[in-house]
Amino acid sequence: IENGYDCWLGYKQIEDEVRREDALRVSSRYAIIGESPLLRTAGKELAVALSAMLGHVELGHLSERQEGKQGGIVVAGVYGSSPVFEPLAEVYDFAGLGEEGYIIHSSEEGGRIYLCAASDKGVLYAVFHFIRLLQTGQRLEGLRIREVPRNGLRMINHWDNMDGSVERGYAGGSIFYKDGRFIEDKSRIRDYARLLASTAINAVSINNVNVHRQESKLITDEFLPDVAVVAGIFREYGIRLYLSVNYASTIEIGGMATADPLDAEVAAWWKQAAADIYRYIPDFGGFVVKADSEFRPGPFTYGRNHADGANMLADAIAPFGGDVIWRCFVYNCLQDWRDRKTDRARAAYDHFMPLDGEFRDNVMLQIKNGPMDFQVREPVSPLFGGMTKTNQLLELQIAQEYTGQQRHLCYLIPQWKEVYDFDTHACGERSTVGEIASGRLFGRERGGIAAVSNIGDDLNWCGHVLAQANWYGYARLAWNPDLSAEQIASEWIRMTFGLDEDLERVILDMLLGSYSIYESYTAPLGVGWMVNPNHHYGPNVDGYEYSKWGTYHYADRVGMGVDRTVHTGTGYVGQYHAPVAESYESLADCPDELLLFFHHVPYLHVLQSGKTVIQHIYDTHFEGAEQAAELLAKWDSLASKVDSGRFKHVRERLAHQAEHACEWRDMINTYFYRKSGIADEQDRLIY
Ligand code: GCU
């Protein structure tokens, strides 16, 4: 526990007498009904958790009469596998549970808890939910829980390379690969799968979307035996494995001269590749593809479009039950900064919107939450709500590339909640991104959410112990986007640090404030990109101003921001539905936090908050840096409540953050003071 390795599954003995009695009353024994690999996992997990928390636990038998036995029994199994679950059908609708839903029910007379589902995977999830109830100190009487996931696909994308590095990794190297091969000892992968299953993640892609030469070979006989071993480990935890593939594999590893999606030999090559993969991995999930994006090959080379490319792969893999996850992160990355017409924000919509309805049923388009690239603040991608006849997946980034690289504390759940809840008005009110990504709004069978992993081989997985909350929270939100940021944080704190009200209050306060604090001392008002090129850490206002990446703020002596309006700007605003488009178009109605994303305004423009833009910049940067220092002071107040291992580690990170926030503050304030010549109303120190 002290080094953070156990994350939220570091079970501790329940010391509190009342809670302990309560728990023993229903769970001093357990019985798993039926036999399957997932049920075996469920049984193992229940045994580990109960014995750690309650001291001892027995495998019970249902035939045993309750009399004469101390304590109650947890009964877990698939509905229909035993008459013992029959009475539950009077209370619950089992038909609607699907493959992953479950029920947790305490018997009327007490002494029994049923963990029941329509499939063994649901039972595994019920087991982890029950363990969570124990860990977080919930009462176990009168439980009437029915859970069904809101997103079918709940996926983690790894950007791991086979040389052992992780693209945008901030927590050490890969847990999968080293020196061009798979790591021999797979125990860490098993521990990882277990953590994922505890939060009901059901899909994982294990290599970088930028597929280089070595990783291109993952779909060949050279590496498929290894991939199959890893898939087998994930399978025991109900997780399907996916691979990122090189679109030009026919050339790179197939020895062919073309990757034209309409070429019959190319299509045949992929059919064979799919057949080979499924010989090793019968439940292989499918391909993740980054094509025609940031120098990756794609169908454009052959004058074809993304639907041509995706459908060719989809046809190859469909007979085996696999999917193609095709990414929409497509834009011109060789832009001339002098060109004021091209707008990177428009690109994904411009490329994919005309193709709506042309993709096969087993294709899902994976769309980043915003139109640019995981900035601290962006509007929601207008592709959500734009496309109505295409399966869509929402892509988030748990890895904190632009949000402090796991050296700064930045609890991202509030940001993601805003994305999920954003109303696109595609079909009137309540056309939220969450409803679209899940597939519900447009009646699509496939849908869900994927996110870039923040883990690596650091002992504590995430570099920053508190960054585990983003990993945990992403998964919880994927299951149920209605959970609040606070609910998720408090669950995570209890499971990770134990039950202590003061400790919970302090960490909760730190987590919940952290995104807004980070935003306030970094790039202001939705403008983004004021970071050092390449590694993206630390302030550099003009770092991307004269670059080819399409990432500009256009600050001059009068003002700043990007005019993306329909009337005078790039027209990007026109990609949204009314009334969203109207509000972004209007200088008066555009939300302050996105003002510079949509408009170019003078520094003396008055925001809805009543402050001028320049004063807002000064104020937020002074306040943000102060608040970053307070985070450290808050953590220090927990010195006696957190073990010294995790305490010291987090303290170091927070101390760095406090210092680095001052660097941000001073660079940003100084830059805009020098540009504008406008003094701070409060006359604070600017250089
Ligand atoms: C960002 C990130 C890259 C990554 C890319 C992607 O641009 O910096 O490292 O490859 O996103 O999502 O494909």
Side-chain angles (χ1 to χ4, degrees), residues 155-171 173-174 205-216 242-248 287-298 300 306 309-310 324-335 344-345 347-348 351-352 364-378 381 383 392-406 410 412 415-416 419 449-456 474 522-523 528-538 540 543-544 547-552:
M155 184 176 207
I156 301 256
N157 295 156
H158 284 273
W159 286 1
D160 293 30
N161 301 314
M162 291 189 77
D163 64 4
S165 64
V166 177
E167 180 151 340
R168 311 306 175 188
Y170 310 108
S174 172
S205 60
I206 60 166
N207 63 303
N208 191 356
V209 288
N210 297 314
V211 185
H212 308 292
R213 178 151 179 85
Q214 187 75 349
E215 295 82 20
S216 299
Y242 292 66
L243 290 172
S244 299
V245 293
N246 182 343
Y247 178 77
F287 301 138
V288 177
V289 193
K290 172 175 179 176
D292 287 316
S293 162
E294 298 184 332
F295 312 110
R296 304 315 302 158
F300 285 170
H306 286 275
V324 170
I325 296 176
W326 190 272
R327 297 177 81 233
C328 293
F329 185 57
V330 178
Y331 66 99
N332 174 8
C333 62
L334 291 173
Q335 196 178 321
R344 168 169 168 180
H351 282 294
F352 286 92
M364 286 176 265
L365 294 190
Q366 183 164 309
I367 307 164
K368 288 191 183 187
N369 61 281
M372 296 296 276
D373 189 5
F374 300 136
Q375 297 303 287
V376 181
R377 175 73 66 173
E378 285 186 47
S381 167
L383 272 177
Q392 295 163 59
L393 283 183
L394 168 62
E395 177 176 337
L396 301 172
Q397 194 184 37
I398 317 174
Q400 290 172 241
E401 180 175 359
Y402 293 96
T403 51
Q405 305 200 350
Q406 285 138 247
C410 191
L412 290 164
Q415 186 200 50
W416 299 336
V419 175
I449 168 146
V452 183
S453 155
N454 68 345
I455 71 119
Y474 160 73
T522 54
W529 298 107
M530 295 177 174
V531 291
N532 286 302
N534 306 321
H535 59 72
H536 300 163
Y537 193 66
N540 185 344
Y544 276 100
S547 77
K548 57 188 184 213
W549 299 97
T551 46
Y552 318 113

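When a residue number appears, it is its place in the shown sequence, counting from 1. Whatever order the structure lists them in is the order used to number ligands and atoms, beginning at 1.
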Q. Taking only residues two or more places apart in sequence, or in another chain, which ones meet Asn369 in a side chain to side chain donor-acceptor pair (under 3.5 Å)?
A. none

Q: Would you please name every residue forming a side-chain contact (heavy atoms from CB on, under 4.5 Å) with Ser205, sequence neighbours left out?
A: Met155, Asn157, Tyr242, Val288

Q.
Using modelled atom types and a 3.5 Å cut-off, is there a donor and acceptor pairing between side-chain atoms of Gln366 and backbone atoms of Ala450?
A. no

Q. Any idea which residues sit under 4.0 Å from ligand 1, heavy-atom distances?
A. Trp159, Glu167, Arg168, Val209, Asn210, Lys290, Glu294, Arg327, Phe329, Lys368, Asp373, Glu401, His536

Q. So among Val452, Ile156, Leu412, which one has a side chain to side chain contact (heavy atoms under 4.5 Å, CB included) with Ile398?
A. Ile156

Q) ring pair (Phe, Tyr, Trp, His ring centres under 6.0 Å) with Trp529: which of Tyr552, Tyr402, Phe374? A) Tyr402

Q: Using the test side chain to side chain donor-acceptor pair (under 3.5 Å), find all partners of Tyr544 that sit at least two apart in sequence or belong to another chain.
A: His536

